[in-house]
Amino acid sequence: MAVTVEVGLLSGKTATLQADLDEQVGTLKCRAQTALGVTGRLIDGLGNILDVRVTVMEAGVQHADRLTLHVTRVESQASGRAFVAVLGGSGVTWGDADFDIESSIVRHQLTNVQQVQANDRAFAAILGDGSVVTWGGACFGGDSSAVQGQLKNVQQIQAAYGAFAALLGGGSVVTWGAESGGDSSSVQGQLKDVQQIQACHYAFAAILGDGSVVSWGDAGRGGDSSAVQQKLKNVQKIQASEGAFAAVLADGSAVTWGGVGYGGNSSAVQDQLKSVRDIQASESAFAAILADASVVTWGLCGFVLNSRALQAPLKHVQRVQSSGNAFAALLEDGSVLTWGAPGSGGNSDAVQAKLKNVKKIQAARHAFAAILSDGSVVSWGHAESGGDSSSVQGQLKDVQQIQACHYAFAAILGDASVVSWGDAGSGGDSSAVKHQLKDVQHIQASYRGFAAVLGDGSVVTWGNAGYGGDSSAVQVTCASVSVLVLLALKGGVGAVRDNPWISLKGERVPELQELHSMHAQSFRDLRLADSAQVAPYAEAILQIRQRHKRIPRLFAEAVKRIGSGGICEPSPDCSEQEEPGMDMEAVEIWAETFLRSRVLTEILMTPRLHLIPGPVAEQRCEDKGDASVVTWGDPAAGGDSSSVQGQLKNVQQIQACGGASAAILGDASVVTWGDPAAGGDSSSVQGQLKNVQQIQASGGAFAAILGDASVVTSGDPAAGGDSSSVQGQLKNVQQVQASGGASAAIGVDGSVVTWGDRAGGGDSRSVQGQLKNAQQIRASAGAFAAILGDGSVVTWGDAGKGADSSEAQDQLRNVQEIQASRCAFAAILGNGSIVTWPLRKRCCKWSHFEVRVKNASEEREPSRVGIIDLKTAAVKASVDEEVGTLRLQAQRALGVGKGRLMDSSGAVLDVSAAIKDSGVRNGDSLTLHINRAQASATAGAFAAVIGDGSVVAWGDAHHGGNISVAQSKLKNVRQIQASSTAFAAILGDGSVITWGDAGSGGDSSAVQAQLKNVQQIQATRLAFAAILDNGSVVTWGLSGFGGCSRAVQEKLRNVQHIQASDAAFAAILGDGTVVTWGSPCSGGCCRDVQDQLQNVKHIQACEGAFAAILGDGRVVSWGDGLGRSGDSSAVREQLKNVQRVQASSAAFAAILGDGSVVTWGDARSGGDSSAVQAQLKNVQQIQATRLAFAAILADGTVATWGDASAGGDSGAVQEQLKNVQHIQATADAFAAILADGSVVAWGDAHYGGSISAVQGKLKNVQQIQASVKAFAAILGDGSVVTWGDARRGGDISAVQAQLSNVEQIQASDVSFAAIVGDGSVVTWGIPGSGGDSSAVQDQLRNV
């Protein structure tokens, strides 16, 4: 039965509609919106909002009722990675794929939405009844199920980085999400009569009715206000930086607490903080405007100093705006003053003359944009982040408002169009949607994308797709709504009946019929497809997408037919008709725009479009080119390969023993030639030599490791060619080493198996009980030396060849590496010293140079000083001079860079001590130990350990680029580890020095006393974990990222290795079990799989999860990352005999013993390899970008999968990908080095996926290094070629002349540092983030 109702607007406009009593209110609302040309909520005569999910009858709607369509403005909200738009009480989410999936689950609950709040990775919506719906990252507050029963009568929601706090009607508070604020249980009894809540990144602060404050969350970052609690009275408002709070009291004073590096300590300016009117905050500092319009600042010291320099003119301030690390003050006369980091807009000198009559200032993370009174714009700061608007300056006229994301700006002009600038991939380029950006009402921004709400309620998006810049997955609308809007716009519909496909003038519109049929079929496809089965579901979506490509033209034809004033059956003549004056191209553009932007009406397309597999590249078998072999020399020793020449094609690797050679081919088979007795004839084992991964050679035999980790041997039995006596033990072999007549294999469990010449090391029975947890084996001509997990050494074989280490055994502790000559070994210890054995001079090949030591009165006999590179020199020095002077003379005389001078015991001499006080005596033997320079990088800075063990750092000071505070302590540095924003250096004595962002691990003072005898350091994004020599662990940094291990400290005993995800650590203990801590969302809790974590050998990590390889080759995974990357249950039965695991940001790929691959995790990030599974055979190596994988097969070809734009689709270059030797990756692109030294790249061009500009230069490439968005290749002649994002290292034109004889390159996120053969360092990229090392260039010589 149908009823007729009248639906009206507050403006008086009405429409009469028919509705069936059994249809849903939502259908009726959809028709009303179309008829009236607006969107909103249906309200009955009593003012009640009608539930769109119930039927018209259940809603109590009667015949002839008058309903109201209450139009609400489109409200949009953005998290760091996604958007949500609300209109008429319903919501649509797009951006990061996880938000799409999660919001689809709760979409039916998103009705009558009043307000939406967002943190970095989750949303929380308050509904009309005071309840709350959440979605997004579960660990970030996207899952509120634990507190859902308490979320009633919610008035307001506040968000921290990973948590939410809801203020209820009675003044109580409910919290959920990450530990940094999501747990308020410790203060719940105090949270009564709460009036207001403020949040920083890591904590919350609530103002109570009596003016006091309660805070909770990360104690070191604002969650603990106990130190200032007595001062927190009559609080009026609170402002927050990233890790601190500042409260303004009723008397105009201010109280601060939280991280010192975030402005939590205002004691230095406390006496000035009087009559405070307002406070503004950057990431790390505060600026208070006083009643007299002056400004007081505090926080990160650099900002304070800069503002002090400006203090005299900082008066008459109206408002203060802040970027990430800088401030801009708008004065009463319309001028602007800036201070803080220049790279964030703290220096406006270049545009100061233009900054007049400024009306408003907007800030991105690293730049500012000011609107002047004439409607023009002035911008400054980091050029590529919006600081340079010169490319659009001519368009920036009559600007009304500006919105900013992290790296770009978008301005709304007086005609409601939009101009954008800044980083193109982050929203700075809106050209692709320019024709849609009309009648723009307001703009919302995520970290790297924009969403504009238009006057008709539609939404247009642009920027980074992963951050909401692409809303196409939710853009296709219900056909019935779209067609009705078309008809209404043409004025051809008087009363819209319940069937929208009813004809005009008694006849049907064929295009509309086809549209209806298409949509009906699409709905059926989706209902029939099982969304749990990825492949068929994706296929259904793919068919729908193909079907809907015809929609714009069909709409245009429908408009044409309606516009012509007559309806006719489709015919060539009819299709040619046009309404006079109608621009059909404009109609088509409008139709397409409408279809792609109407996100607030009924949604047809599922947001899971990322499941659609890309086209599978066709595989072809072809000749592999010129990877052949030419031999010469003694025919009996392998110099004549003519008998096997026809087989020597596509050779990947050659190994040689004393009289024969063995080549591994592209198909992982082996060809041998030379002396048959020495392994030149492998016919007896040829059938076994398949899927060969590696070959090792002794003096007269070969040992091949196969893909299943077994071993096949051939050649002289006495030299190790016969392993039959130990064949049963040769399983899960990781490495084989060979002496002159024997071989030794390390198993995955650290055990050792030996065979061959017993006297030459083939019999290890005498030390077998000690050979446990072996990490590395080295061989001399007749002996072996194994480094164990505890840093000790076990030797066996010929005593005269180094098997007897008894005289040095007491010194062999904390051994890091062993090298061998023919008859001796040298071990490098953790403190940088060297121990050698045997000690007989005839076997030690170390040469000496002489140092002559003399005082003022006499010349003494020369001392003997050993140096490993055999070069010698004679140097004189006075005993009153410092050791540093002696070292400098030695370096000059030997023509080498900086090194450490060591005495005969291996102790490093203090360069500041006098020679006479250092213990050096006449006739002593000293060694100049020269370390190869090594560089480490945080996200924005570099730190290089130079030859003498000191450190030079440069780049962003907040990321560790300034070591002035720690400089004097950084001596004899052994190793440097880096988090995202801090460095930690292990010194020779096992102590640790840290610098960089204090809260993120740059300040280790709280645990400094414990940091002794440190062996190894691992880092998450914002915390460190150090393993001590006794197997215990010390942690520091942000607790939510693993910086606090108190909860598991008692379990951290005999730790062998630590792995880190984005925000959690996993430690492997000596017994093979695992202990985890840090954020549960990143794998910090392994409780659900703890009983399975036995005999763990290796752990791999993605951003939010871990995967452990067990001794039996199985895999156990855990964590709660994107796409449930920690859940491998769906592929558990396939995960057997796993050899290696690789990770993208949110997925894993495991190589099995047979060369096949198993994947799991987020499908869009490469967790689904079904589209290329048939190709994944004989896989040798896997590389990953952020969202995709690339596998090198045994035949030198490549298979890719994952996000197509991030390198998951290599179809465009597949024919070029032959004889691939190595693959490197930026965040969203791959670069492969081929056997001929050329390069093939694919993926996002902005990230280095296109090499067209440098193709001709990429020849004889030896090595490629990558930043986040650029590649740098070292050629055979030592020169360098770069490509990718020019600003982030893709352009080396400024330093090209300096880049010759380059030996190695290191990369930060945005810059590169090259170590040149002469010991100098050349840098390029973003200057403030390590690309400019000019300030320390004098130190970076002879590194």
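All values derive from a computational prediction rather than experimental measurement. If you read the sequence from its start, that first residue is 1, and numbering goes on from there.
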Between Thr256 (side chain only) and Gly264 (backbone N and O only), is there a donor and an acceptor less than 3.5 Å apart?
yes
For the residue pair Leu812 and Trp837, establish whether any side-chain heavy-atom pair is separated by less than 4.5 Å.
yes
Quick check: do Gln1016 and His1057 have side-chain heavy atoms less than 4.5 Å from each other?
yes
Treating Trp216 as the side-chain partner and Gly181 as the backbone partner, does any N or O pair qualify as donor plus acceptor under 3.5 Å?
yes
Steps toward side-chain contact (heavy atoms from CB on, under 4.5 Å) verdict (Val1321, Trp954):
CA-CA 12 Å; Val1321 173; Trp954 67 97; 4.2 Å; yes
State which residues pass side chain to side chain contact (heavy atoms under 4.5 Å, CB included) with Ala1314; sequence neighbours excluded, sorted by chain then number.
Leu1299, Val1302, Ile1305, Trp1324
Between CD1 on residue Ile1058 and CD1 on residue Ile1017, distance to nearest 0.5 Å:
10.0 Å
Does some side-chain heavy atom of Leu1028 sit less than 4.5 Å from a side-chain heavy atom of Gln1010?
no
Please answer whether the main-chain N or O of Gln1304 pairs with a side-chain N or O of Gln1306 as donor and acceptor at a distance below 3.5 Å.
no
Find the distance between CD (Gln1265) and CZ (Phe1312) and round it off to the nearest 0.5 Å.
6.5 Å
Which pair of non-hydrogen atoms, one from Ser1311 and one from Ser1329, has the smallest distance, and what is that distance?
OG-O, 3.3 Å
Is there side-chain contact between Phe1024 and Val1034, with heavy atoms separated by less than 4.5 Å?
no
One pair to check against side chain to side chain donor-acceptor pair (under 3.5 Å): Gln1015 and Asn1013. What are the steps and the verdict?
CA-CA 6 Å; Gln1015 306 300 299; Asn1013 298 317; 5.7 Å; no
Nearest heavy-atom approach of Thr795 to Ala785 is CG2-CB, 3.8 Å
I'd like to know if the side chain of Ser1061 reaches the main chain of Ser1082, judged simply by a donor and an acceptor atom lying under 3.5 Å from each other, with no hydrogens or angles considered.
yes
If the condition is side-chain hydrogen bond (donor to acceptor under 3.5 Å, both in side chains), which residues does Gln1090 pass it with, not counting sequence neighbours?
none
Hey, could you give me each pair passing salt bridge (charged side-chain N to carboxylate O under 4.0 Å, His left out) that has a residue in residues 1032-1045? Not counting sequence neighbours.
none
Distance, nearest 0.5 Å, that separates CH2 of Trp1036 from OG1 of Thr994:
7.0 Å
So how far is it from Ile963 CD1 to Ser950 OG, rounded to the nearest 0.5 Å?
8.0 Å
Residues in side chain to side chain contact (heavy atoms under 4.5 Å, CB included) with Ala203, at least two apart?
Cys200, Phe245
Counting N and O atoms only, with roles assigned by atom type, does the side chain of Ser1267 sit under 3.5 Å from a partner on the main chain of Val1310, one being a donor and the other an acceptor?
no
When the ring planes of Phe1041 and Tyr161 are compared, do they come out parallel, tilted or perpendicular, using 30° and 60° as the limits?
tilted
What's the shortest heavy-atom distance between Ser241 and Tyr262, and which atoms?
OG-O, 2.7 Å
How close do Glu242 and Tyr202 get, counting heavy atoms only, and between which atoms?
O-CD1, 3.3 Å
Under a 4.5 Å cut-off applied to non-hydrogen side-chain atoms, are Leu1038 and Asp218 in contact?
yes
Minimal heavy-atom distance between Gln1008 and Val992, with the atoms involved, is NE2-O, 2.6 Å
Counting C-beta onward and ignoring hydrogens, is there a side-chain heavy-atom pair between Thr1035 and Trp1077 closer than 4.5 Å?
yes
Rounded to the nearest 0.5 Å, the CG atom of Leu1093 sits from the CZ atom of Arg1087 at a distance of 13.5 Å
Which pairs would a plain distance check flag for residues 1047-1055, meaning a side-chain donor or acceptor within less than 3.5 Å of a matching protein atom at least two apart in sequence or in another chain?
from	atom 1	to	atom 2	distance (Å)
Gln1049	OE1	Ser1045	OG	2.7
Gln1049	NE2	Val1033	O	2.7
Arg1053	NH1	Gln1049	O	3.4
Asn1054	OD1	Gln1056	NE2	2.8

Evaluate the side-chain proximity of Trp995 to Val951: yes if any heavy-atom separation is below 4.5 Å, no if none is.
yes
Using atom types as modelled and distance alone, determine if a side-chain donor or acceptor of Ser936 lies under 3.5 Å from a backbone N or O of Ile976.
yes
Point-to-point distance, once rounded to the nearest 0.5 Å, from CG of Asn773 to CD1 of Ile787:
12.0 Å
Non-neighbouring partners of Gln1094 that pass side-chain hydrogen bond (donor to acceptor under 3.5 Å, both in side chains), sequence neighbours left out
none
Do Asp224 and Trp257 touch side chain to side chain, with heavy atoms closer than 4.5 Å?
no
Check: His959 main-chain N/O paired with Thr938 side-chain donor or acceptor under 3.5 Å
yes
At their closest point, which heavy atom of Ala982 faces which heavy atom of Ser1000, and how far apart are they?
CB-O, 4.0 Å
